[in-house]
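Structure record follows, encoded as structure tokens.
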Amino acid sequence: MLAFAVRRIAVSLPILLISTFIVFMLASLSGNPLSGLLTRNPPPPPETIALEAQRLRLDHPVLERYWMWLTGLFRGDFGPSVQSNLDIGAEVAGRFLITMRLIAVAMILALVLAVVIGVISAVKQYSKTDYAATFLGFLFLAMPAFWLAILLKQAGIDFNNAVDEQIIYTIGDSSVPLPQGFGAQVADIAGHMVLPTISLALISYAAWSRYQRSAMLEVMNTDYVRLARAKGLSRRRVMIKHALRNALIPLTTVTALDLASIISGAVLTETVFQWRGMGDLLLNAIRTDDVYVVMAWLLITATVVIVFNLLADLLYAVLDPRIRYA
Amino acid sequence: MPETPVTAPAEPGTRARDREFTVAERSQFQLVLRRFMQHRLAVGSLVVLVLLVLLAYVGGALWQYDFGEFTPDKSDAPSLAHPFGTDAAGKDQFAQVLRGTQISLQIAVLVALFSTVVGTVWGAVAGYFGGATDTILMRISDLVLTLPLLAVAAMLAHNFGGSWWLISVVIAGLYWAYVSRVARGVVLSLREKEFVEAAKALGASDARIIFRHLVPNALGSIIVNATVLVAIAILLETSLSYLGFGVRPPDTSLGILVSEAQTALTTRPWLFYFPGLFIILIALTINFIGDGLRDALDPQQTKVRA
């Protein structure tokens with residue numbers, strides 16, 4: 001298993017390298033990081049512009065800039081930002097935790113929803129519950145992430161107005177400044193998380209519950225499930241112990257593959273709820289042609305995706321003992 | 001196997017199997033059509049989608065207000081004069097939503113067309129030749145697949161975008177790789193079939209085998225895949241426009257309309273609900289049509305999929 005993990009990581013590294021190269025080229029060649037400075041009014045003196053160009057390494061050819069960025073990473077240097085006093089590494093570290101707690105909780109919520117609804121739909125195939133679940137699933141699949149998030153945000157505001165107290169927070173990832181005391185801080189952060197996690201989870205669960213439903217139906221038609229029933233095991237026990245365990249395997253892969261789109265969904269959710277997370281960082285960086293911040297975002301999210309896919313493969317072996325990574 | 005060519009090489013413009021098996025082939029198409037027509041939800045969706053297209057183009061052209069036109073009525077609730085109300089500047093929301101729908105549909109069609117054609121050829125060539133060709137072509141499409149879609153699309157659209165067709169090119173430039181995977185998968189299984197061997201024995205060129213024998217047979221899976229892509233492309237475009245990287249004013253899109261209306265949700269809810277409803281309606285109907293097509297093309301799947 002360890003050898004498998006090491007080999008998988010070794011295969012991922014060149015892919016990561018080439019995809020950072022492509023994005024670096026796209027970002028460097030399509031935008032001008034000096035555009036913010038050049039359009040400033042009154043125009044700054046040419047010396048300032050030249051100095052800034054030098055600081056942003058624009059006096060080097062683009063291939064050399066990529067090399068400087070890559071070698072800099074090993075020293076923990078993410079490169080210069082358009083904002084002259086921004087330490088990209090420190091900035092990303094703080095924001096990474098904010099975004100990851102959104103993504104992690106939303107994914108767990110979505111998985112639970114998907115498994116429960118998928119299994120119920122499959123067990124009660126063609127029932128009213130099944131049709132309702134199918135329709136809801138399709139509805140959430142067709143719903144833009146930001147539209148649903150805005151709707152939930154409004155519902156939160158209405159709720160607060162109705163009870164005349166700020167219970168659910170609709171803006172920001174935490175209060176500024178944070179309240180005193182550990183318990184109060186946890187409560188504050190949790191209050192801010194409720195709506196964003198629900199909206200992100202609802203967008204993701206829909207497709208997964210469809211997968212879970214069809215996987216469950218497939219397993220329910222197999223001989224070993226029929227055998228277990230014939231031997232007199234209770235239906236509930238067969239469904240949970242025998243069918244569900246095997247029906248979870250396809251979902252693991254799908255979840256891992258969908259992680260990239262959840263990260264995109266989180267960018268939109270963060271925008272609606274005005275979180276200062278990775279999404280906000282990325283969008284600002286794109287607006288200001290801040291190449292190195294975009295690269296830092298890419299590097300972090302790509303690493304998360306790679307690690308997560310690896311975990312999914314390892315989990316596969318846990319769920320299905322027949323799979324061995326020798 | 002109705003595909004097995006038995007007769008001499010085809011005359012230009014016709015397929016050898018067309019003459020020998022005319023009846024069988026037409027009934028195959030009819031079978032698919034009949035199965036699709038039985039899928040009530042899919043047929044209903046098709047009707048709704050066609051009505052939406054007509055409303056957007058014919059209705060948009062006939063409607064008394066233009067999407068950029070300022071009317072004297074400001075912040076009006078929906079009424080007979082303004083079915084979807086007006087915004088604070090006095091623009092008629094009905095005209096704006098119709099324009100946004102046009103943009104969304106145009107982007108969807110262009111993305112589907114471009115990524116399907118490029119992806120199909122790419123995947124079919126990779127699957128048919130195999131070996132080094134396959135490895136190189138598929139590694140390239142793998143790389144495109146690893147790029148974070150929203151980030152790269154936003155970056156490119158920010159620097160090159162603004163008009164609807166440039167946005168389409170950016171989105172399609174990232175989507176063709178998905179199609180190429182599907183096309184390759186289907187072609188890999190088809191190339192071992194007897195009718196390909198027969199075509200080879202009859203001296204058909206590689207290009208002919210790919211485009212006359214493999215691609216038409218793979219088209220079913222590819223079309224089903226394309227419908228899913230269309231729905232995702234519409235959602236991606238509206239997201240980009242919502243974030244300010246997509247279609248730019250003075251033109252409008254459903255994403256821009258939602259973004260402009262989000263602060264006015266309590267005071268003028270009609271500005272928010274109508275564009276969102278249209279996005280959902282388009283994506284929903286396309287998904288149902290795709291589902292119906294999947295069931296019609298692969299009847300065995302109905303057992304699993306409801």
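The analysis underlying the following values was restricted to heavy atoms, covering all of them including side chains, and did not include hydrogens, waters or symmetry mates. Letters A, B, ... are given to chains in the order of the sequence lines, protein chains preceding strands, and every chain is numbered from 1. From a predicted model like this one, the values you see are computed outputs, not experimental measurements.
With rounding to the nearest 0.5 angstrom, the CZ atom of A:F138 is 11.5 Å from the OG1 atom of B:T285. Rounding to the nearest 0.5 Å gives a distance of 9.5 Å between CZ of A:F140 and CD1 of B:I280. Expressed to the nearest 0.5 Å, how far CG of B:N159 lies from OG of A:S35 amounts to 8.0 Å. The structure places CZ of A:F146 at 4.0 Å from OG1 of B:T238, a figure rounded to the nearest 0.5 Å. Between atom CZ of residue B:F288 and atom CG of residue A:L141 there is a gap of 9.5 Å, rounded to the nearest 0.5 Å. Going from atom CZ of B:F272 over to atom CD1 of A:I150 covers 4.5 Å, rounded to the nearest 0.5 Å.
Under the salt bridge (charged side-chain N to carboxylate O under 4.0 Å, His left out) criterion, the residue pairs touching residues 140-160 of chain B are B:R139-B:D142, B:D142-B:R181, with sequence neighbours excluded.
Put simply, of A:L268, A:I306, A:L282, the one with the most heavy-atom pairs under 4.5 Å next to chain B is A:L268. The most heavy-atom pairs under 4.5 Å with chain B, out of A:S264, A:A122, A:G279, A:S30, come from A:S30. Contact count versus chain A (heavy atoms, under 4.5 Å) is highest, among B:S259, B:S239, B:A283, for B:S239. By number of non-hydrogen pairs under 4.5 angstrom with chain A, the leading residue of B:L236, B:V258, B:I234 is B:V258.
By the neighbour-count criterion of 12 heavy atoms within 6.0 Å, atom CZ of A:R8 is densely surrounded, having more than that number from other residues, nucleotides or ligands. By the 6.0 Å contact criterion, CE on A:M25 is enclosed, its count of non-hydrogen atoms from other residues, nucleotides or ligands being greater than 12. For OH of A:Y211, the number of neighbouring non-hydrogen atoms (other residues, nucleotides, ligands) closer than 6.0 Å is 12 at most.
Formation of a donor-acceptor pair under 3.5 Å by the A:W147 side chain with backbone atoms of B:L277 is not found in this model.
Closest approach of A:R287 and B:L243 over heavy atoms only: NH2-O, 3.2 Å.
In terms of the side-chain contact (heavy atoms from CB on, under 4.5 Å) criterion, residue partners of A:N161 (sequence neighbours excluded) are, by chain and number, A:I157. Residues forming a side chain to side chain donor-acceptor pair (under 3.5 Å) with A:S81 (at least two apart in sequence, or on another chain): A:D290.
Only the side chain of A:L298 comes within contact range of chain B, judged by heavy atoms closer than 4.5 Å. The parts of A:A27 that come within reach of chain B are both its backbone and its side chain, each placing non-hydrogen atoms under 4.5 angstrom from that chain. For A:F135, the part lying near chain B is the side chain, with the backbone staying farther off; criterion is any non-hydrogen pair under 4.5 Å. For a residue to count as touching a neighbouring chain, one of its non-hydrogen atoms must lie under 4.5 Å from one of that chain's; by this rule A:V294 touches chain B with the side chain only. Contacts between A:T301 and chain B at a heavy-atom distance below 4.5 Å are absent for every atom of the residue. Neither the backbone nor the side chain of A:N32 has a heavy atom closer than 4.5 Å to any heavy atom of chain B. Of the atoms belonging to A:V267, it is side-chain heavy atoms, and not backbone ones, that fall under 4.5 Å from chain B.
Listed in order of number, the residues of residues 146-155 of chain B that approach chain A to under 4.5 Å between heavy atoms are B:T146, B:L147, B:P148, B:L150, B:A151, B:V152, B:A154, B:M155.
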